There are 2 protein chains.
Amino acid sequence: MINQNIKIAVDAIVFGYEKGTLYVLAIQQRFGKLADSWVLPGGFILDDEPLINAVERELKEEAGIAVNYLEQLGTFGDDVNRDDRFRVISVAYFALVNPKNFVLKADTDAKDAKWFPINEIPKLGFDHDDMVKLAHQRLKSKLTYQPIGFDLLDAEFLFSDLENLYCTILEQDIDRRNFRKKILSFGIVKETNKVVKIGASGRPGKLFSFDKHKYNQLLKENFQFDIRFA
Amino acid sequence: MINQNIKIAVDAIVFGYEKGTLYVLAIQQRFGKLADSWVLPGGFILDDEPLINAVERELKEEAGIAVNYLEQLGTFGDDVNRDDRFRVISVAYFALVNPKNFVLKADTDAKDAKWFPINEIPKLGFDHDDMVKLAHQRLKSKLTYQPIGFDLLDAEFLFSDLENLYCTILEQDIDRRNFRKKILSFGIVKETNKVVKIGASGRPGKLFSFDKHKYNQLLKENFQFDIRFA
DNA sequence: TCAAAAGTGTTCACCGTACACCCATGA
DNA sequence: TCATGGGTGTACGGTGAACACTTTTGA
């Protein structure tokens with residue numbers, strides 16, 4: 001029979017968004033050679049554990065969170081020395097969460113868990129910088145052809161929140177009128193009858209919500225979500 | 001230290017195209033429980049072998065081919081019983097090759113290696129049917145936003161070849177004039193001064209070639225390849 | 001001269017883009 | 001009344017879509 005001496009891990013790049021800033025979740029190691037340094041949440045999988053469950057477990061254990069969106073990003077196994085203890089192949093996952101929904105809670109192996117603005121992430125251990133870079137690209141491109149932005153926002157949000165999210169993540173200006181026109185033309189965002197005002201002044205705005213059911217219906221009819229601007 | 005009892009394999013979905021038909025490469029097992037049944041080319045990786053090298057090695061060993069295009073497709077490790085001998089996690093790769101460039105040559109573990117038209121693939125072992133399905137979707141969508149079709153054709157090809165490739169893979173009719181106009185507008189396909197005729201009759205056509213260098217240049221200038229039709 | 005495949009332009013409709021003013025609220 | 005953010009419509013140009021005849025070759 002085959003004999004292999006390779007371990008399998010999962011890691012997650014978890015994005016959060018709040019008030020014009022995109023964040024990534026990192027964990028401070030408690031033990032081992034990399035103690036005190038920052039890495040992505042993740043760890044070794046159990047023998048009878050599906051990959052996806054391993055990610056969800058680690059996110060719960062290391063930071064106390066459950067994500068809104070989770071998909072496989074890619075498997076890192078070409079550099080046989082990416083972990084210098086022994087060979088580890090890591091399956092990286094891409095995740096989105098609304099930071100408001102959780103209070104980070106470092107647990108078990110983790111000394112600390114923290115949101116870092118995407119541009120202020122400390123040097124991460126292993127090849128986790130590469131993973132973040134890849135995930136960031138995926139986020140940017142996916143935002144344009146799949147309605148995943150809503151997984152970063154509250155269930156009910158102002159149009160300006162959605163618009164700022166796109167501006168922030170895509171790093172470009174967007175025309176408010178054209179943006180609203182296009183989003184509404186899809187029919188997957190519906191207006192609630194609630195009105196709120198944020199901050200000290202300004203006209204209150206209507207709250208909107210993402211109609212996931214409608215979106216799934218449209219998908220069956222060959223609908224293609226697509227937000228791109230000059 | 002961590003103890004895991006999981007093996008890691010790679011598998012490849014290799015697409016070939018010839019005369020209006022899309023093919024997938026499959027291997028007939030020589031040994032083991034699945035002897036005689038068809039599976040995707042692949043196998044266990046070596047302890048000190050990068051994943052990508054493992055795929056290339058297996059393709060050479062099992063079918064005697066070297067591909068034009070290779071990228072990671074995804075990792076299959078949620079079904080812990082996808083291999084009923086013991087737990088195997090497989091990293092699937094997506095590959096393109098011009099079948100004309102090679103004579104398939106089953107080697108070592110393989111009893112036979114064969115091209116199957118995408119619609120006539122026999123039931124494959126493990127979860128390889130799922131892999132083919134996923135790869136097929138990837139091929140279809142990628143064809144529209146990345147110039148990978150050229151990796152399935154000869155270095156020099158007729159415009160009608162390219163057009164038929166798109167028709168075949170995307171399973172839709174394409175207006176010849178609009179297709180040619182759009183492809184040529186990108187400036188990444190250049191006309192050679194060779195003229196050939198295929199078959200017994202009809203006007204001979206000019207040969208064209210893909211200008212990869214030009215494409216890479218354009219990428220730096222934010223060029224976006226995009227072929228979509230009604 | 002016929003059959004088969006290559007080559008070629010124009011028109012129209014729609015959508016993406018640019019652009020600026022009024023409204024509601026609290027201080 | 002002022003500052004702040006919310007809400008709205010139109011005109012133009014470019015691009016995708018539809019569409020048919022001529023050319024070159026071998027039989």
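None of these values were measured; they are calculated from a predicted model. Chain identifiers are assigned alphabetically (A, B, ...) following the order of the sequence lines, protein sequences preceding nucleic acid strands; residue numbering begins at 1 within each chain.
With sequence neighbours excluded, the residues satisfying side chain to side chain contact (heavy atoms under 4.5 Å, CB included) with B:Glu221 are B:Leu218.
Remark: P of C:dG7 and CZ of B:Phe159 are 9 Å apart, rounded to the nearest angstrom. Atom pair A:Asp175:CG and D:dG7:C1' shows a separation of 13 Å (rounding to whole Å applied). Here C:dA6 presents its P atom at 13 Å from CZ of B:Phe157, a figure rounded to the nearest Å. Straight-line distance from the CD1 atom of B:Ile183 to the C1' atom of C:dT8: 17 Å, rounded to whole Å. The interatomic distance linking B:Leu184 (CG) with C:dT8 (C1') rounds to 12 Å, in whole Å. Atom CG of B:Asn178 and atom P of C:dG7 are 16 Å apart (whole Å). When the C1' atom of C:dG16 is taken as reference, atom CD1 of A:Ile227 falls 12 Å away, rounded to whole Å. In this entry the distance linking CD1 of B:Ile174 with P of D:dG16 reads 14 Å, nearest Å.
For A:Ser201 and A:Lys181, each mapped to the nucleotide of DNA chain C holding its nearest heavy atom, the one lying further toward the 5' end belongs to A:Lys181. The nearest heavy atom of DNA chain C to A:Gly202 and to B:Gly205 marks one nucleotide each, and the one closer to the 5' end goes with B:Gly205.
Between A:Ser160 and D:dG6 there is a side-chain N or O to OP1 or OP2 distance below 4.0 Å. Taking 4.0 angstrom as the limit, B:Arg180 places a side-chain polar atom (N or O) nearer than this to OP1 or OP2 of C:dT8. Phosphate proximity of D:dG26 to B:Lys197: present, with a side-chain N or O under 4.0 Å from OP1 or OP2. An OP1 or OP2 oxygen of C:dG7 is reached within less than 4.0 angstrom by no side-chain nitrogen or oxygen of B:Arg176.
Closest to the side chain of A:Arg203, out of D:dT10, D:dA18, C:dC23, is C:dC23. Among the nucleotides C:dC19, D:dT25, D:dA17, the one closest to the side chain of B:Pro204 is D:dT25. Side chain of A:Lys182, nearest nucleotide from C:dG16, D:dA3, C:dG9: C:dG16.
Screening A:Phe210, A:Tyr215, A:Phe179, A:Phe225 for a ring pair (Phe, Tyr, Trp, His ring centres under 6.0 Å) with A:Phe186, the sole residue that qualifies is A:Phe225. None of B:Tyr69, B:Tyr166, B:Phe157 except one satisfies the ring pair (Phe, Tyr, Trp, His ring centres under 6.0 Å) rule with B:Phe150; the exception is B:Phe157.
Using a 4.0 Å heavy-atom cutoff across all strands shown, A:Lys206 reaches sugar-phosphate atoms only and no base atom.
Figure legend: A:Lys142 and A:Phe94 shown without cation-pi pairing, the cationic atom not lying both under 6.0 angstrom from the six-membered ring centre and within 45 degrees of its axis.
Applying the 3.5 Å distance criterion, the base of D:dA17 shares no donor-acceptor pair with the side chain of B:Arg228.
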Next item on the list: Evaluate the criterion side chain to side chain contact (heavy atoms under 4.5 Å, CB included) for residue pair A:Ile13 and A:Val24; output intermediate values, then yes/no.
Entry: CA-CA 7 Å; A:Ile13 302 89; A:Val24 175; 4.2 Å; yes

